[in-house]
Amino acid sequence: MSDNIVSMRDVVKTYRRGKQTVEVLHHLSLDIAQGEFVALMGPSGSGKTTLLNLIGGLDRPTSGEVTVAGSRLDRMGSGALARWRADHVGFVFQFYNLMPMLNAERNVELPLLLTHLGKARRRQNVAAALQLVGIADRAKHKPAELSGGQAQRVAIARAIVADPALLVCDEPTGDLDRKAAGEVLTLLQQLNREHGKTVVLVTHDPRAAEYAQRQLHLDKGQLVEQAAAAA
Amino acid sequence: MFNQLRAVTAMSLGTLGQRLGASSVIVIGIAGVVAVLVSVLALGVGFRHTLANTGSPDRVIVLRGGSDAELSSNLTRADVDNISDAPGLKHGADGKPVLSPELVTVVNLPKKDTGTDANVTLRGVGLKLLEVRPGIRIVDGRMFRPAVREVIAGAGAARQFRNLTLGSKLHLRNADWTVVGRFTSGGDIHESELLADVDTVASAEQRNGYSSAVALLDSPGDFRKFKDWLTTNPQLKVDVQRETDYYAAQSKQLSKLIDIVGNGVAIIMAIGAMFGALNSMYSAVAARSLEIATLRAIGFSALPVLASVMIEALALSLLGGVLGAALAWLFFNGNSVSTLGAAFAQVVFRLDVSPRLIAAGIVWACTIGALGGLFPALRAVRRPVAEALRTA
């Protein structure tokens with residue numbers, strides 16, 4: 001059995017823009033090993049987010065095979081993909097995407113509502129996740145009452161609370177100052193090293209990419225370079 | 001699934017305060033529709049209620065054959081004598097049949113609110129009035145006396161028309177008539193009328209016959225025997241109906257018209273309100289598009305998201321429906337109005353905002369809300385998650 005958590009073969013992704021069909025990913029193949037921390041870099045429009053969406057099961061390829069955590073995502077319908085995402089992936093977005101009317105712990109609890117866990121167990125797991133990201137003291141605060149760095153920590157707690165194998169992070173530091181960005185990236189590194197999470201990070205920032213074990217560069221829908229990071 | 005639905009719905013309803021303007025459009029629009037619908041239909045319910053209260057299954061009305069209504073009917077005194085001999089009629093303590101020969105005519109009285117003249121029924125009734133119609137109660141003054149120009153006024157008529165206070169003089173048919181009493185009769189159509197001695201009315205009208213004969217049967221089951229005897233009697237050419245059937249037929253056309261107008265107005269308003277609800281729900285979904293996309297990315301399925309949008313639309317429309325029905329009840333329930341009945345005379349009745357009507361209004365409201373919420377809900381869940389996250 002392969003140690004790769006992500007395996008993509010000859011993947012093509014096209015979009016329709018008006019009457020035109022635009023090919024965003026061109027026959028791309030990629031493997032990511034279990035427990036790896038990978039940074040996806042490249043200029044705007046290179047297909048980073050499209051690739052990330054395919055890995056995270058948010059989208060399906062036009063052709064080619066996408067296997068993640070042992071499941072063929074290219075063969076799944078949208079309902080099955082939703083269930084698969086709930087079981088296998090945690091998402092971290094650039095603008096945190098927290099629910100503004102819910103406090104931190106209720107936000108973190110959301111993925112657990114898709115499980116069979118009882119209320120007490122959910123509360124326990126939420127507390128543990130908030131503790132792990134170092135934001136337990138802000139559990140009762142709503143997103144508007146948190147700084148950017150704190151809000152992103154809550155978002156990371158939400159991403160890990162259901163214990164997914166894969167963390168998919170789309171520019172998680174794009175909205176943060178350098179200090180907060182460094183703290184968030186260190187946290188992601190810690191989750192990767194100490195808790196075995198596979199992390200796929202999309203970033204424009206070479207400094208952020210340095211936290212990863214491997215950097216992948218995309219240009220015009222193709223992987224042009226793979227480099228091992230210094231970290 | 002229930003956890004998902006509860007969480008998404010709580011979020012949806014929790015942000016209502018932030019979308020107060022758009023939410024108010026739905027609530028107020030639907031409240032307007034329901035208020036108008038319920039008020040207009042309350043006219044029909046009140047009218048039907050008044051006429052349905054008139055009559056009893058053991059009371060019969062006999063008209064000349066082929067007459068639709070009392071105003072166009074004419075029975076001779078001989079006809080009434082023959083009718084008195086029919087089997088099945090109830091007899092009083094004096095051994096005579098409980099029967100009232102009646103003469104219906106129309107007089108003009110000014111309305112209290114506008115001062116304009118309106119037709120009011122003046123009904124000449126026989127001496128056995130209170131036996132034939134035991135529901136009649138004198139609530140003020142006294143009963144009219146035979147052979148004297150005296151009338152008693154129904155409570156509805158006294159509310160709606162001028163000059164019907166005790167002691168007032170009415171100038172009818174070139175003579176003065178005195179109002180000597182006010183009566184109730186269980187909210188039926190006779191409360192819209194003036195009652196007087198039938199022979200005095202006949203004399204004033206210079207008529208020698210009657211409009212109808214109203215009689216009480218021994219039991220409702222005697223109707224067939226009574227009717228067959230009269231309709232097979234070669235000396236008579238009459239139509240016989242239970243009083244309940246007669247007044248139901250009288251109310252049919254007008255109440256149908258009120259229903260058509262009421263529902264027609266409501267349908268037109270409902271279409272407008274539905275577009276308002278659609279617009280507001282599209283805005284609501286647009287305002288929450290990032291939240292919806294994020295929830296779906298996390299793994300929430302389409303159904304709870306769809307259900308939450310529908311629940312919000314239904315909750316707002318339910319609120320609008322209850323508000324509209326409450327306004328209709330507050331401002332119109334029990335209001336006394338009059339309209340021209342089938343006999344060309346005013347029928348006074350009260351608007352009846354019944355529980356059934358309120359339920360109908362709320363069903364209308366929820367239908368508008370469901371249709372208004374459905375399309376935005378479908379749009380929210382059909383949008384690809386990746387696209388929704390990118391463009392939210």
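Below, read A as the first sequence line, B as the second, and so on, with proteins coming before strands; counting in each chain starts at 1.
Atoms CE and CG, from M99(A) and L290(B) in turn, are 7.0 Å apart once rounded to the nearest 0.5 Å. With rounding to the nearest 0.5 Å, the separation of CZ in R296(B) from CG in L81(A) is 11.0 Å. The CG atom of L102(A) lies 8.5 Å from the CD atom of E291(B); values are rounded to the nearest 0.5 Å. Residue L112(A) holds its CG atom at 10.5 Å from CD1 of I298(B), rounded to the nearest 0.5 Å. Going from atom CG of L389(B) over to atom CG of N97(A) covers 6.5 Å, rounded to the nearest 0.5 Å.
Annotation: Y15(A), atom OH; neighbour count of heavy atoms from other residues, nucleotides and ligands within 6.0 Å is above 12. The number of heavy-atom neighbours closer than 6.0 Å to CZ of R379(B), taken from other residues, nucleotides and ligands shown, is 12 or below. Under a cut-off of 6.0 angstrom, the local environment of CZ in R72(A) is crowded, with over 12 non-hydrogen atoms contributed by other residues, nucleotides or ligands. The number of heavy atoms from other shown groups lying within 6.0 Å of NZ (K112(B)) is above 12. Shown here is R106(A), whose CZ atom has no more than 12 heavy atoms of other residues, nucleotides or ligands within 6.0 Å. The local environment of CD in Q131(A) is sparse, with at most 12 non-hydrogen atoms from other residues, nucleotides or ligands closer than 6.0 Å.
By number of non-hydrogen pairs under 4.5 angstrom with chain B, the leading residue of A86(A), S78(A), G79(A) is A86(A). Contact count versus chain B (heavy atoms, under 4.5 Å) is highest, among N53(A), L114(A), L58(A), D59(A), for L114(A). Of the listed residues (T294(B), V385(B), L295(B)), the greatest number of heavy-atom pairs within a distance under 4.5 Å of chain A belongs to T294(B).
The two residues F300(B) and A82(A) come nearest to each other via the heavy atoms O-CB, 4.3 Å.
Using a 4.5 Å cut-off between heavy atoms, F93(A) touches chain B through its side chain atoms alone. For R122(A), the part sitting under 4.5 Å from any heavy atom of chain B is the side chain, from C-beta outward, and nothing else. Interface residue A297(B): backbone and side-chain heavy atoms are both found under 4.5 Å from chain A. Proximity to chain B is limited to the side chain of R158(A), based on heavy atoms less than 4.5 angstrom apart. Of the atoms belonging to P164(A), not a single heavy atom falls under 4.5 Å from chain B.
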